[in-house]
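Right, one structure below, let's go through it.
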Amino acid sequence: MNGDRRADAILRDEAGRLWFMSGDGTGRMVGSGGWKAFDALVRHGDFSRDGREDVIAREKATGKLWLYPGTGSGGLGARTLIGSGGWNSLGRLAAFGDLSGDGRSDLLAVEKATGKLWLYPGTSGGGLGARRLIGSGGWSGMNALLGAGDMTGDGRADLVAREQATGKLWLYPGTSARTLGARKLIGTGGWNSIQHLFAVGDTSGDGRPDLQASSYSRLYEYQGLAGGGLRKVDNYNYSWWALEGATAF
């Protein structure tokens with residue numbers, strides 16, 4: 001987010017402040033308050049197509065969807081409305097890179113009432129196009145969705161999902177048909193013990209996307225492997241993870 005080619009994180013604390021945490025372990029506040037008004041926050045990659053990473057936020061009271069463009073220095077610019085209302089009918093949102101194949105970043109969302117998974121393609125005007133069904137049901141059973149990038153190495157974006165009932169971690173590969181393929185188990189259980197799970201791109205520098213996970217003041221790294229697997233490689237104790245009630249995205 002600050003253009004130094006290192007993976008970064010953004011966190012929201014219990015006071016509703018927003019913090020930018022750069023890949024070198026330092027950080028600073030980029031939002032002084034009011035961020036608790038949003039019940040979904042997604043670090044989206046370059047949605048506005050200006051070469052900078054952006055954030056999408058859903059306003060709890062109105063169901064509106066807002067785009068906060070990245071400034072290129074770790075901050076966020078003036079927001080733009082990209083969803084006029086009704087987004088509260090959807091549960092989890094996930095950034096997904098380009099699944100539709102048009103070179104633009106897309107958004108995934110789970111419908112609360114049906115458990116269906118919908119793809120909202122990014123448009124050339126910086127908004128969202130007509131949604132397309134890519135998962136017929138059962139997605140309400142997932143308590144984490146991550147657009148982790150190309151984990152399988154086939155040039156297509158993939159999805160990682162955590163199953164609430166079992167704590168298993170699943171990889172759903174993107175396919176040439178612009179949908180999701182048969183899932184693959186990449187975490188056998190116990191992933192529900194992790195407080196926050198999120199994708200930050202390639203932190204290890206080996207060309208494969210990685211995942212990071214936090215549990216209170218501990219930060220864990222899971223390195224992506226060839227074929228889409230994961231390997232736990234580090235256990236960090238960064239003081240900024242001790243932010244009370246922090247939510248990473």
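Reckoned from all heavy atoms, side chains included, excluding hydrogens, waters and symmetry mates. Note that this is a predicted model, so its numbers are computed, not measured.
Between atom CG of residue Asp210 and atom CE of residue Met151 there is a gap of 8.0 Å, rounded to the nearest 0.5 Å. Rounding to the nearest 0.5 angstrom, the gap separating the CZ atom in Arg131 from the CG atom in Leu119 is 11.0 Å. Here the CG-CD1 distance, from Leu230 to Ile186, works out to 4.5 Å after rounding to the nearest 0.5 Å.
A donor-acceptor pair is defined here as one N or O able to donate and one able to accept, closer than 3.5 Å; no such pair exists between the side chain of Asp98 and the backbone of Asp106. Within the 3.5 Å criterion, the main-chain N or O of Ala15 finds no donor-acceptor partner in the side chain of Lys36. A donor-acceptor contact shorter than 3.5 Å is absent between the side chain of Asp150 and the backbone of Asp158. Put simply, the side chain of Arg183 never gets that close to the backbone of Val160: no donor and acceptor are under 3.5 Å apart. A donor-acceptor pair under 3.5 Å links the side-chain atoms of Arg162 to the main chain of Trp191, judged by distance alone.
Exactly one of Ile82, Leu65, Leu90 qualifies for a side-chain contact (heavy atoms from CB on, under 4.5 Å) with Tyr120. That residue is Leu90. Shown are Arg92, Lys60, Arg58, Lys112; of these, the salt bridge (charged side-chain N to carboxylate O under 4.0 Å, His left out) with Asp39 is made only by Arg58.
Heavy atoms only, all atoms of each residue included: Ala148 and Ala199 are closest at CA-CB, 3.8 Å. For the pair Gly174 and Leu99, the tightest heavy-atom approach, listed with the atom from each and the gap, is CA-CD1, 4.3 Å. Shortest non-hydrogen contact noted between Arg208 and Leu225 is CD-C, 3.5 Å. Between Ser140 and Glu111 the shortest heavy-atom distance is OG-O, 3.9 Å. Scanning all heavy atoms of the two residues, the minimum distance from Trp170 to Glu163 falls at NE1-OE1, 3.0 Å. Shortest non-hydrogen contact noted between Leu197 and Ala213 is CD1-CB, 4.0 Å.
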message: Let's go through Asn192 and Asn143 carefully: what are the C-alpha distance in whole Å and the side-chain angles of both, what is the deciding distance for side chain to side chain contact (heavy atoms under 4.5 Å, CB included) to 0.1 Å, and is it a yes or a no?
response: CA-CA 9 Å; Asn192 278 337; Asn143 62 3; 3.1 Å; yes
- request: Take His196 and Gln212 through the side chain to side chain contact (heavy atoms under 4.5 Å, CB included) test and state the conclusion after the steps.
  value: CA-CA 8 Å; His196 303 300; Gln212 289 188 351; over 6 Å; no
- request: Quick one: do Leu76 and Val55 satisfy side chain to side chain contact (heavy atoms under 4.5 Å, CB included)? Show the steps, please.
  value: CA-CA 8 Å; Leu76 298 172; Val55 169; 3.9 Å; yes
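Annotation: side chain of Trp87 is not in contact with side chain of Lys64 (no heavy-atom distance under 4.5 Å). Contact check for Arg178 versus Arg132: side-chain heavy atoms found under the 4.5 Å cut-off. Considering only heavy atoms from C-beta on, Leu128 comes within 4.5 Å of Leu107 through its side chain.
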